[in-house]
Amino acid sequence: MGIWILNAAVVTANNELKTKHVLVEGGIIEKVAEGAAPETTGHTVIDAQGKLLTPGLIDMHVHLREPGFEHKETIATGTRSAARGGFTTIACMPNTRPVIDTVETVKYVLDKAETEGIVRVLPYGCITKNELGRELTDFDALKAAGVIGYTDDGVGVQSAQMMKDAMAKAASIGMPIIAHCEDNTLVEGAAVSEGEFARRNGLKGIPNESEAIHVGRDILLAEATGVHYHVCHVSTEQSVRLIRHAKQFGIKVTAEVCPHHLLLSDEDIPGMDANWKMNPPLRTPRDVQACIEGLLDGTIDIVVTDHAPHSEEEKARGMALAPFGIVGFETAFPLLYTKFVATGQWTLQFLVDKMTKLPAEVFGLPWGKLEVGAAADLTLIDLETEKAVDPAEFASKGRNTPFTGWKLKGWPALTMVEGNVVWSE
């Protein structure tokens, strides 16, 4: 039995909202109609009541923590959290325990996602064995097992030769390298960005150069090897500048940014609350503005969450000792909609594209479309109802967010994966 989604607001390429009716059959979009409501006898009916209907959101940078850190998150809880945030496809980072550096671990993640997950999970494989930066993993075997790219996310690859070898190998088999950019010699023992907050609180700071040095190095290596090089969670003005320059020279580089690096600076940190501790850290207002401008002009291609759950006990250790990271799935769209779209700074179409169509294009994925013949990965979003962020309501095990109490609009109300409603308000 098919499903008719009636009276949905769909944003068009020129940013108009049009009322449409969408028929879903056999996991795909069968028909997109306008005008009067169609005959629906024999079908299930979902009345969107004017809510926004988008392609399912895509998040290319998430941490599901399983295997090894199930006290923080599991594939089951993480995918439920993703569905609540409107995401239908998520790409999970390999810094689990064991790390995703063998065919067996890839298979474990894919099998768990198949049996316990409710959204599509795409795993990355490690660049180096155990993420130690000493020896490349078996790229061919990991690709055959189902990884979509290679990254040592959580740590930067410190050796330029190792990174060049990785890029050459990835390029030879048509796979991307996804880089966490951080020079360890500049960050050891640091918890927040080098700046006013760090000085005031006697904390060692993480300088902007620690990220940008790797970005610049890797751009040169990507030019030399011809690999598709993707920069994780861009946070500094210097990184944006380097990526913009590389794109002007036709180097195959893409980049992502997280909502928190578009919304918050180190000047916003209220005190020694580790729910404000993430890596990369919150930078200066100048860096925030550079990231916003980079997203607007296409230097930065896509938005990701870097969803990074931790237990309350871990975050209670304080700014110096707590682990880096905040959760992101359930607040990402509402935060960006409320801050940038509802205020008229961005078009709705711009935000939707950065979270659907463009992630799919960057990584060569078949999803992120709302058109006849496409997979019925769909998200309904309530643009009108305002409510406050309440971590107690999260489906994630993680409650670690700096956005508690923020009043937002743009909350997902229903998420559908291949024609199956996996979450509904």
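Count residues from 1 along the sequence.
In the model, S235 has a side-chain atom that pairs as donor or acceptor with a side-chain atom of E211 under 3.5 Å. S159 and Q161 share no donor-acceptor pair across their side chains, judged by distance under 3.5 Å alone. Using modelled atom types and a 3.5 Å distance limit, the side chains of N7 and T19 yield no donor-acceptor pair. Neither side chain, E66 nor T96, offers a donor N or O lying under 3.5 Å from an acceptor on the other. Neither side chain, S210 nor E182, offers a donor N or O lying under 3.5 Å from an acceptor on the other. Side-chain atoms of T404 and T401 form no donor-acceptor pair, as typed in the model, at a separation below 3.5 Å. There is no side-chain donor-acceptor pair under 3.5 Å between E330 and H307. In the model, H180 has a side-chain atom that pairs as donor or acceptor with a side-chain atom of D153 under 3.5 Å. A donor atom on one side chain and an acceptor atom on the other are not found under 3.5 Å apart for T74 and E70.
Heavy atoms from other residues, nucleotides or ligands lying under 6.0 Å from NZ of K107 number 12 at most. Heavy-atom contacts from other residues, nucleotides or ligands closer than 6.0 Å to NZ of K315 number more than 12. Crowding of K129 atom NZ: a count of heavy atoms from other residues, nucleotides or ligands under 6.0 Å not exceeding 12. Applying the 6.0 Å contact sphere to CD of E371 captures more than 12 heavy atoms from other residues, nucleotides or ligands.
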Candidate pair D287 and S265, rule side-chain contact (heavy atoms from CB on, under 4.5 Å), full reasoning: CA-CA 8 Å; D287 295 305; S265 77; over 6 Å; no
Working for side-chain contact (heavy atoms from CB on, under 4.5 Å), residues D59 and T89: CA-CA 6 Å; D59 190 346; T89 298; over 6 Å; no
Candidate pair C181 and V231, rule side-chain contact (heavy atoms from CB on, under 4.5 Å), full reasoning: CA-CA 7 Å; C181 293; V231 187; 4.0 Å; yes
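Between atom CD1 of residue I269 and atom CG of residue N275 there is a gap of 12.0 Å, rounded to the nearest 0.5 Å.
In summary, D301 and K354 do not engage in a salt bridge, as defined by a charged side-chain N under 4.0 Å from a carboxylate O. Looking at E25 and K31, no side-chain N of the basic residue comes within less than 4.0 Å of a carboxylate O on the acidic one, giving no salt bridge. Under 4.0 Å is where a charged nitrogen must lie from a carboxylate oxygen, and between K369 and D377 no such pair does. Ionic pairing of E314 and K72 is present here: one or more N-O contacts between side-chain nitrogen and carboxylate oxygen are shorter than 4.0 angstrom. Remark: E34 engages K20 in a salt bridge, criterion side-chain N to carboxylate O under 4.0 Å. A salt bridge is absent between D382 and K387: the closest approach of a Lys/Arg side-chain nitrogen to an acidic carboxylate oxygen does not fall below 4.0 angstrom.
Contact of the L122 side chain with the F363 side chain is not registered, since no non-hydrogen atoms from C-beta on lie closer than 4.5 Å. At least one side-chain heavy atom of R399 sits under 4.5 Å from a side-chain heavy atom of E312. Residues V109 and C92 have side chains in contact (heavy-atom distance under 4.5 Å, counting atoms from C-beta outward). F403 has its side chain within reach of L335: a pair of non-hydrogen atoms, C-beta onward, lies under 4.5 Å apart. Between I292 and V288 there is a side-chain heavy-atom pair separated by less than 4.5 Å. When side chains are defined from C-beta on, I127 counts as touching I177, because their heavy atoms get closer than 4.5 Å. Annotation: side chain of T236 is not in contact with side chain of P280 (no heavy-atom distance under 4.5 Å). At least one side-chain heavy atom of I206 sits less than 4.5 Å from a side-chain heavy atom of R283.
In this structure, the side chain of N184 does not engage the main chain of Q158 through any donor-acceptor pair within 3.5 Å. K277 contributes a side-chain N or O that, together with a main-chain N or O of A322, makes up a donor-acceptor pair within less than 3.5 Å. With hydrogens and angles disregarded, a donor-acceptor distance shorter than 3.5 Å links the side chain of R65 to the backbone of P309. Between the side chain of T299 and the main chain of R244, no donor-acceptor pair closer than 3.5 Å is present. For the pair T105 (side chain) and I100 (backbone), a donor-acceptor distance under 3.5 Å is absent. With hydrogens and angles ignored, the 3.5 Å screen pairs a side-chain donor or acceptor of T379 with a backbone N or O of G86. At least one donor-acceptor pair under 3.5 Å links the side chain of T137 to the backbone N or O of C126. With hydrogens and angles disregarded, a donor-acceptor distance shorter than 3.5 Å links the side chain of K143 to the backbone of I173.
The aromatic ring centres of Y124 and Y150 sit 6.0 Å or more apart. Between H233 and H61, the distance separating the two ring centers is shorter than 6.0 angstrom. Remark: aromatic rings of H310 and F324 are distant, center separation not under 6.0 Å.
By the 30° and 60° cut-offs, the orientation of the rings of F340 relative to W346 is parallel. The aromatic rings of F333 and Y337 lie parallel to each other, their planes meeting at an angle below 30°, with 60° marking the opposite boundary.
Evaluated for a ring-ring contact (aromatic ring centres under 6.0 Å, His included) with F329, the options F394, W423, F87 yield exactly one hit, F87.
Considering every non-hydrogen atom in both V32 and V372, the closest pair reads N-CG2, 3.9 Å.
Geometric assessment of R120 against the ring of W367 yields a positive cation-pi assignment under the 6.0 Å and 45° thresholds.
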